[in-house]
Asks: 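Shown below is the structure under consideration.
Just the heavy atoms: all of them, side chains too, but no hydrogens, waters or symmetry mates, feed the values below. Bear in mind that the values here come from a model prediction, so they are computed numbers and not experimental data.
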Amino acid sequence: GASPGRFGTLLSQNAWLPVLKTLGTRPWFGQSLYLSGAHRLFDASGTLTDEESRKRVQAYVAGLAEFVSAAQRRR
């Protein structure tokens with residue numbers, strides 16, 4: 001998650017865990033992604049301009065895609 005503060009969306013993501021468990025979802029815990037100081041990482045049009053953050057987002061999305069793909073293969 002991204003936020004203007006120092007902790008990304010750490011607190012809100014943690015708060016959602018009991019809800020997701022109650023709903024019977026299978027969250028992916030392979031990686032965490034917190035983009036703190038988001039107002040410095042994105043331009044006015046919403047484009048992620050920080051290269052290090054972009055690499056972290058790409059790695060996160062790749063891991064999530066693998067998790068979803070593996071779940072589909074198990075069906």
Side-chain angles (χ1 to χ4, degrees):
S3 76
R6 295 183 53 201
F7 299 107
T9 57
L10 176 68
L11 296 177
S12 90
Q13 288 185 39
N14 285 336
W16 274 103
L17 290 176
V19 175
L20 296 172
K21 184 177 180 180
T22 298
L23 293 173
T25 65
R26 293 186 319 179
W28 176 56
F29 296 109
Q31 289 178 277
S32 297
L33 177 63
Y34 306 108
L35 298 177
S36 58
H39 59 285
R40 294 186 304 267
L41 305 177
F42 295 87
D43 66 16
S45 66
T47 301
L48 182 58
T49 59
D50 180 69
E51 190 59 35
E52 182 60 32
S53 295
R54 182 176 293 165
K55 289 177 186 176
R56 291 175 46 218
V57 169
Q58 288 171 337
Y60 181 88
V61 171
L64 177 60
E66 177 56 35
F67 171 76
V68 171
S69 179
Q72 292 297 317
R73 288 191 300 265
R74 287 191 294 268
R75 287 184 160 198

Asks: If I compare all heavy atoms of Gln31 with all of Ala59, which pair ends up nearest, and what's the gap?
Replies: OE1-O, 3.2 Å
Asks: Could you pull out the closest heavy-atom pair between Trp28 and Leu64, with the gap in Å?
Replies: CH2-N, 3.4 Å
Asks: Grab the two heavy atoms, one from Ala15 and one from Pro18, that are nearest each other, plus how far apart they are.
Replies: O-CD, 3.3 Å
Asks: Going by salt bridge (charged side-chain N to carboxylate O under 4.0 Å, His left out), name the residues that satisfy it together with Arg74, two or more places apart in sequence or in a different chain.
Replies: none
Asks: Go through the structure and list residues passing salt bridge (charged side-chain N to carboxylate O under 4.0 Å, His left out) with Glu51, not counting sequence neighbours.
Replies: Arg54
Asks: Determine the minimum heavy-atom distance between Ser53 and Leu41, stating which atoms define it.
Replies: OG-CD1, 3.6 Å
Asks: Considering residues at least two apart in sequence or located in another chain, which fulfil the side chain to side chain contact (heavy atoms under 4.5 Å, CB included) criterion with Val57?
Replies: Leu33, Leu35, Leu48, Val61
Asks: Who are the side chain to side chain donor-acceptor pair (under 3.5 Å) partners of Arg73, not counting sequence neighbours?
Replies: Glu66, Ser69
Asks: Tell me the side chain to side chain donor-acceptor pair (under 3.5 Å) pairs involving residues 14-23, sequence neighbours left out?
Replies: none
Asks: Apply side chain to side chain donor-acceptor pair (under 3.5 Å) to Asp43 and list each qualifying residue two or more places apart in sequence or on a separate chain.
Replies: Ser45
